[in-house]
There are 2 protein chains.
Amino acid sequence: MILNFINKNRDTILYGISLAFLLFFLKWIELRFIIINHTFEIYAGIIAVLFTALGIWLALKLNKPKVETKIIEKAVSVNDFSFNEAAMTDLGLSKRELDVLQLMAEGLSNQEIAERLFVSLNTIKTHTSNLFEKLDVKRRTQAVEKAKRLSLIP
Amino acid sequence: MILNFINKNRDTILYGISLAFLLFFLKWIELRFIIINHTFEIYAGIIAVLFTALGIWLALKLNKPKVETKIIEKAVSVNDFSFNEAAMTDLGLSKRELDVLQLMAEGLSNQEIAERLFVSLNTIKTHTSNLFEKLDVKRRTQAVEKAKRLSLIP
DNA sequence: GTCAAAATCACTCAAAAGTATGAGCTAAAT
DNA sequence: ATTTAGCTCATACTTTTGAGTGATTTTGAC
């Protein structure tokens with residue numbers, strides 16, 4: 001805990017010690033000058049130089065770095081398919097129609113879709129017809145294309 | 001030209017003037033203190049404060065502002081379609097076949113593709129047949145699906 | 001229980017897609 | 001010069017798809 005305190009206030013403590021040392025040093029040269037009785041200006045000059053240095057040191061120490069935020073756009077290929085519920089309800093697509101749409105997107109024929117869903121070919125035809133109408137397209141390829149654009153399928 | 005010179009050395013000139021003024025000021029308070037005969041320490045203290053301030057000012061003036069760059073990575077989903085040349089040569093697809101494939105992916109019918117490319121419907125049929133064989137698929141929907149997987153089309 | 005939407009299926013007809021085969025023409029490679 | 005690959009087109013035929021219509025059954029909501 002005491003180490004922690006020292007660490008946190010390192011600069012302040014250092015500054016205090018430096019100042020104390022400086023004052024002590026000044027007192028010492030003051031004494032010397034009194035004894036040797038030299039000119040006043042030399043003493044003042046030394047003080048000036050020392051404190052200029054102190055000021056510089058202080059400023060450098062306390063000068064907070066300016067933070068510049070740099071935003072780097074990182075290209076990421078994302079797997080972010082989120083089903084577009086809105087589009088589905090908007091178009092009035094039923095669950096079954098969506099099933100058919102998905103299988104259609106996999107490239108299955110109507111016959112294959114029928115077998116996959118255990119219904120007749122005619123049923124699938126009806127579904128696809130309704131799908132095309134709802135999606136406002138003429139062909140299955142267009143339906144798949146549009147469905148992908150609308151995020152109804154990945 | 002003289003204005004130019006002044007502008008370029010503004011800081012230096014300013015520093016010189018300030019220093020001159022300070023020295024003049026010091027001389028003045030020195031005189032005052034001599035006349036009033038005050039303690040030496042007050043004078044030294046004033047010098048100390050003044051030159052500390054000067055040091056700070058100098059440091060701030062001459063020190064290049066520290067810039068800390070904070071980098072924030074922003075994930076951006078990118079349109080990163082890069083045509084898979086390898087797959088194309090691997091499958092032995094011709095330019096024309098790729099053309100047809102692209103239009104097919106847009107949901108065009110063979111007839112529409114034929115009109116778009118100014119050739120006959122039969123030509124397109126030939127292309128699609130060859131395409132299906134090369135892609136090892138049975139239907140156009142599968143062809144489009146596979147082509148997308150292979151990055152032959154976006 | 002009623003009603004509406006959804007799902008199922010059938011039938012017909014037309015259009016589009018796909019298969020198979022053959023062939024001419026051109027440009028590039030051997 | 002010959003071969004090869006790619007593009008073109010045609011004919012004949014089959015399969016799939018799609019449009020249109022109508023009907024029955026299921027299901028969920030009111």
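Letters A, B, ... are given to chains in the order of the sequence lines, protein chains preceding strands, and every chain is numbered from 1. Quick caveat: nothing in here was measured; it's all calculated off a predicted structure.
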What's the separation between atom CG in A:D99 and atom CG in A:L93, rounded to the nearest 0.5 Å? 11.0 Å
Could you list by number each residue of residues 139-154 of chain A showing a heavy-atom separation from DNA chain D of less than 4.0 Å, or answer none if no residue does? A:R139, A:R140
Output every pair passing side chain to side chain donor-acceptor pair (under 3.5 Å) with a member in residues 81-91 of chain A, not counting sequence neighbours, ordered by first then second residue. none
Over all atoms of both residues, closest heavy-atom pair of A:A143 and A:L101: O-CD1, 4.3 Å
Could you run through nucleotides 3-15 of chain C and give me one letter per nucleotide, 5' to 3': B if any protein heavy atom sits under 4.0 Å from the base, S if only the sugar-phosphate is that close, - if neither? ---SSBBBB----
For B:S129, which contact category applies under a 4.0 Å heavy-atom criterion: base, sugar-phosphate, or nothing? base
Determine, step by step, whether B:E115 and B:Q111 satisfy the side-chain hydrogen bond (donor to acceptor under 3.5 Å, both in side chains) criterion, reporting the C-alpha distance in whole Å, the side-chain angles of both residues, the deciding distance to 0.1 Å, and the verdict. CA-CA 6 Å; B:E115 283 161 16; B:Q111 185 60 58; 3.3 Å; yes
With sequence neighbours left out, write down each residue that passes side-chain contact (heavy atoms from CB on, under 4.5 Å) with B:F81, or none if nothing qualifies. B:F83, B:S151, B:P154
Between B:E112 and B:R116, is a salt bridge (charged side-chain N to carboxylate O under 4.0 Å, His left out) present by the stated rule, with each step listed? CA-CA 6 Å; B:E112 288 166 337; B:R116 196 74 84 81; over 6 Å; no
Rounded off to whole Å, could you give me the CG-to-C1' distance for the B:L131 and C:dG18 pair? 13 Å
Whole angstroms only, please: what is the CZ-P distance between B:F132 and C:dA20? 13 Å
Would you compute the distance between atom CD of B:E106 and atom CD1 of B:I113 and round it to the nearest 0.5 angstrom? 9.0 Å
Per the end-axis method with five pairs at each terminus, what is the bend angle of the helix from C:dG1-D:dC30 to C:dT30-D:dA1, to 10°? 50°
If hydrophobic clusters are built by linking Ile, Leu, Val, Met, Phe, Trp and Tyr wherever their side-chain heavy atoms come under 4.5 Å apart, do A:V144 and B:F132 end up in the same one? no
What closest approach, in Å, do A:L135 and A:K146 show between heavy atoms, and which atom pair accounts for it? O-NZ, 3.1 Å
Correct closest heavy-atom pair for B:M104 and A:T141 would be O-CB, 4.3 Å
From the list B:Q102, B:K95, B:R96, side-chain contact (heavy atoms from CB on, under 4.5 Å) partner of B:L98 resolves to B:Q102
Do A:L91 and A:V137 belong to the same hydrophobic cluster, where Ile, Leu, Val, Met, Phe, Trp and Tyr are linked whenever their side-chain heavy atoms lie under 4.5 Å apart, directly or via other members? yes
Under 4.0 Å from any heavy atom of chain B: name the first and the last nucleotide of DNA chain D that qualifies, 5' to 3'. D:dG6 to D:dT17
Taking all non-hydrogen atoms of both residues into account, name the closest pair between B:L131 and B:E97 and its distance. CD2-O, 3.4 Å
